[in-house]
Amino acid sequence: MATTATRTTTDCLHLARRMRALEPSATLAMAARAQALAAAGVDVIDLSVGEPDFPTPAHICAAAEAAIRAGKTKYTPAAGIPALRQAVAADYARRSGIAVTPAQVVVSNGAKHSLHNAFMALLDEGDEVVVPAPYWVSYGELIKLSGAKPVLLETRIEDDFKLRPEALRAALTPRTRMLLLCSPSNPTGVVYAPEELGALADVALEADLAVIADEIYDQLVFDGRRSPSFPTLRPGLVDRTVVVAGVSKTYSMTGWRIGWTICPEPLAKAIGNLQSQETSNPSSVSQHAALAALTGPQECVAEMCRAFQKRRDLVAGRLTAIPGVRLPEIGGAFYAFFDIRSALARGRGGISTSAAWCEALLEKEHVALVAGSAFGAEGHVRMSFAASEEKLAAGLDRIARFLDA
Ligand code: PMP
Ligand code: GLU
């Protein structure tokens with residue numbers, strides 16, 4: 001009795017060890033702050049979160065409405081409706097030239113969930129995963145949740161933030177199990193050339209690594225580039241690669257929460273089993289919307305991509321004209337990741353970190369960016385250019401004024 005009387009709620013609700021080091025998503029946190037300020041009447045320009053600003057194309061929304069009316073509102077198979085798995089396989093095969101079967105596809109609640117599933121299905125306690133930095137905020141946390149260890153490998157702006165094969169080779173240990181690649185990259189917008197990816201593939205093959213290829217931005221590439229799917233680069237990669245993609249970015253469908261993995265069938269089956277226990281199927285209505293996205297007219301993708309390229313021109317042009325600001329060549333996605341170390345070195349206002357710089361920018365100029373430290377690259381900041389040209393121009397004016405102040 002005495003023990004129950006002295007126990008407090010905090011004793012019984014103490015957090016599991018895996019939660020103690022878990023950071024919330026910095027991108028989502030900054031977006032929430034910007035939204036709260038906007039709701040309070042502040043004229044905020046939110047360039048923090050990476051989310052296309054276009055409405056989801058009308059034919060996709062219509063397919064979702066039709067699915068609701070047709071009563072497609074029940075559980076579906078956990079790994080997704082057969083028609084969508086088929087459509088993902090067909091779309092991937094058409095664009096990559098690699099034949100895949102629907103059984104190799106698992107549809108999940110967004111590509112973030114797909115990544116989580118892949119890590120949970122493949123990684124054991126103590127396994128090491130090589131992650132080139134700057135990296136997308138969620139990679140490290142999701143890897144840690146699986147019990148494995150992210151090995152963060154710094155890359156240099158001089159190399160356009162690309163991982164070099166010799167750096168990968170030098171990071172290998174007997175525990176290295178996996179390589180994680182993201183091209184086009186969030187947060188840098190950098191797109192690896194096929195030969196650069198091929199050289200990394202050679203190391204992965206030599207060292208018998210599994211590879212997660214996050215190709216969620218593969219259709220948002222500029223200047224006539226193509227972003228080849230990783231398994232196309234060398235024979236043998238199909239058997240060791242999990243391709244992650246989804247509709248969030250390509251079709252401006254972030255809120256619908258549909259992403260997928262494409263991988264060898266036994267692993268796909270395991271991921272499907274995991275998902276059947278974790279979340280069951282992703283939203284039935286969203287799956288029908290995603291099916292319409294993949295099988296319907298594709299002009300909307302080209303249109304959005306053209307708009308992103310115009311914005312890239314505006315943003316890259318304006319940022320490179322600011323003395324001391326450096327950024328790599330943005331070949332795809334919708335991010336500018338720029339170096340503010342010369343501004344930080346001046347130490348004005350006692351600001352010496354990217355996080356403090358972003359705080360001050362938000363406070364003084366009401367522009368929301370995300371600190372490079374959240375992406376493992378202190379001294380830099382990320383600006384999303386998934387916003388109208390007017391907003392971007394106004395945001396850039398404020399950033400330039402802030403850097404000049
Ligand atoms: N990978 C990368 C590189 C991303 O930028 C995102 C977007 N947050 C995701 C995965 C997850 O996308 P989704 O919205 O489908 O979960
Ligand atoms: N990919 C987006 C970003 O990096 C979405 C936010 C998130 O999922 O964390 O801003």
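Both counts, for ligands and for their atoms, begin at 1 and track the order of listing. In what follows, residues are counted from 1 in the order of the sequence shown.
Not a single heavy atom of Tyr135 lies less than 4.0 angstrom from ligand 1. Ligand 2 does not have Glu51 within reach: every non-hydrogen atom of the residue lies 4.0 Å or more from it. Not close to ligand 1: Gly246, with no non-hydrogen atom less than 4.0 angstrom away. Residue contacts with ligand 1 include Ile216, since one or more of its heavy atoms lies under 4.0 Å from the ligand. Not a single heavy atom of Gly259 sits less than 4.0 Å from an atom of ligand 1.
Residues Ala394 and Ile45 approach most closely at CB-CD1, 3.6 Å, considering heavy atoms. Shown here for Arg175 and Gly126, the closest heavy-atom pair between the two residues is NE-O, 3.3 Å.
Nearest to atom 8 (O) of ligand 2 among the protein's heavy atoms is Lys112 NZ, 3.2 Å. For atom 1 (N) of ligand 2, the closest non-hydrogen atom of the protein is Lys249 NZ, 2.9 Å. Protein heavy atom at the shortest distance from atom 7 (C) of ligand 2 is Thr27 OG1, 3.5 Å. Among protein heavy atoms, the minimum distance from atom 15 (O) of ligand 1 is reached at Ala111 N, 2.7 Å. Atom 2 (C) of ligand 2 has its closest protein heavy atom at Gly50 O, 3.3 Å. Shortest contact from atom 7 (C) of ligand 1 to any protein heavy atom: Lys249 NZ, 2.6 Å. Residue, atom and distance of the protein heavy atom nearest to atom 8 (N) of ligand 1 are Trp136 CZ2, 3.1 Å. The protein atom (non-hydrogen) at minimum distance from atom 1 (N) of ligand 1 is Asp214 OD2, 2.6 Å.
For Arg94 and Asp91, the salt-bridge test passes: some basic side-chain N is under 4.0 Å from an acidic carboxylate O. Of the charged side-chain nitrogens involved, none lies within less than 4.0 Å of a carboxylate oxygen, so that Glu23 and Lys144 do not count as a salt-bridged pair. Under a 4.0 Å N-O distance rule, the pair Asp208/Arg240 qualifies as a salt bridge. Arg95 has a carboxylate O that lies under 4.0 Å from a charged side-chain N of Asp218, or vice versa, which qualifies the two as a salt bridge. Glu215 has no carboxylate O lying under 4.0 Å from a charged side-chain N of Lys249, or vice versa, which leaves the two without a salt bridge. Remark: Arg326 engages Glu158 in a salt bridge, criterion side-chain N to carboxylate O under 4.0 Å. For Glu329 and Arg225, the salt-bridge test passes: some basic side-chain N is under 4.0 Å from an acidic carboxylate O.
In this structure, Tyr192 has its ring center at least 6.0 angstrom away from the ring center of Phe230.
Within ligand 1, counting atoms from 1 as listed, the ones closer than 4.0 Å to a heavy atom of Tyr139 are 3 (C). Close approach to Cys182 involves these atoms of ligand 1, each under 4.0 Å from a residue heavy atom: 3 (C). Residue Ser25 approaches ligand 2 through these ligand atoms, each under 4.0 Å from one of its heavy atoms: 9 (O). The atoms of ligand 2 that sit less than 4.0 Å from any heavy atom of Val49 are 5 (C), 6 (C), 10 (O). Each of the atoms 1 (N), 2 (C), 3 (C), 4 (O) of ligand 2 lies under 4.0 Å from some heavy atom of Tyr335. Near Asn186, with a cut-off below 4.0 Å to any heavy atom, the atoms of ligand 2 are 1 (N), 3 (C), 4 (O). Close approach of ligand 1 to Asn186 is summarised as follows: ligand atoms under 4.0 Å from at least one heavy atom of the residue are 3 (C), 4 (C), 5 (O). The ligand atoms of ligand 1 that sit less than 4.0 angstrom from a heavy atom of Gly110 are 15 (O), 16 (O). Listed by number with element, the atoms of ligand 2 under 4.0 angstrom from any heavy atom of Leu28 are 6 (C), 7 (C), 9 (O).
Taking only nitrogen or oxygen atoms, main chain and side chain alike, Tyr217 reaches within less than 3.5 Å of ligand 1. Note: an N/O pair closer than 3.5 Å links Trp136 and ligand 2 by distance alone. For ligand 1, the polar-atom distance check finds an N/O of Arg257 within less than 3.5 Å of one of the ligand's N/O atoms. Between Ser248 and ligand 1, an N or O atom pair is found at a separation short of 3.5 Å.
Remark: the Asn117 side chain and the Gln275 side chain contain an N/O donor-acceptor pair separated by less than 3.5 Å. Ser229 and Tyr92 share a donor-acceptor pair across their side chains, judged by distance under 3.5 Å alone.
Using a 4.5 Å heavy-atom threshold, the side chains of Asp339 and His380 count as touching. A 4.5 Å side-chain heavy-atom check between Val244 and Ile216 finds every atom pair outside the cut-off. Proximity of Val221 to Pro184: side-chain heavy atoms (C-beta onward) are separated by under 4.5 Å at one or more points.
Exactly one of Phe54, Phe222, Phe385, Tyr217 qualifies for a ring pair (Phe, Tyr, Trp, His ring centres under 6.0 Å) with Phe334. That residue is Tyr217.
Heavy atoms of Trp256 found under 4.0 angstrom from ligand 1: none, in either backbone or side chain. Residue contacts with ligand 2 for Tyr217 involve side-chain atoms from C-beta outward but no N, CA, C or O (heavy atoms, distance under 4.0 Å). If you look at Phe375 next to ligand 2, there are no close heavy atoms at all, none under 4.0 Å.
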Which is it for Arg156 and Asp159 under the salt bridge (Lys or Arg N to Asp or Glu O under 4.0 Å) test, yes or no, and what are the steps along the way? CA-CA 5 Å; Arg156 303 173 339 133; Asp159 294 329; 3.3 Å; yes
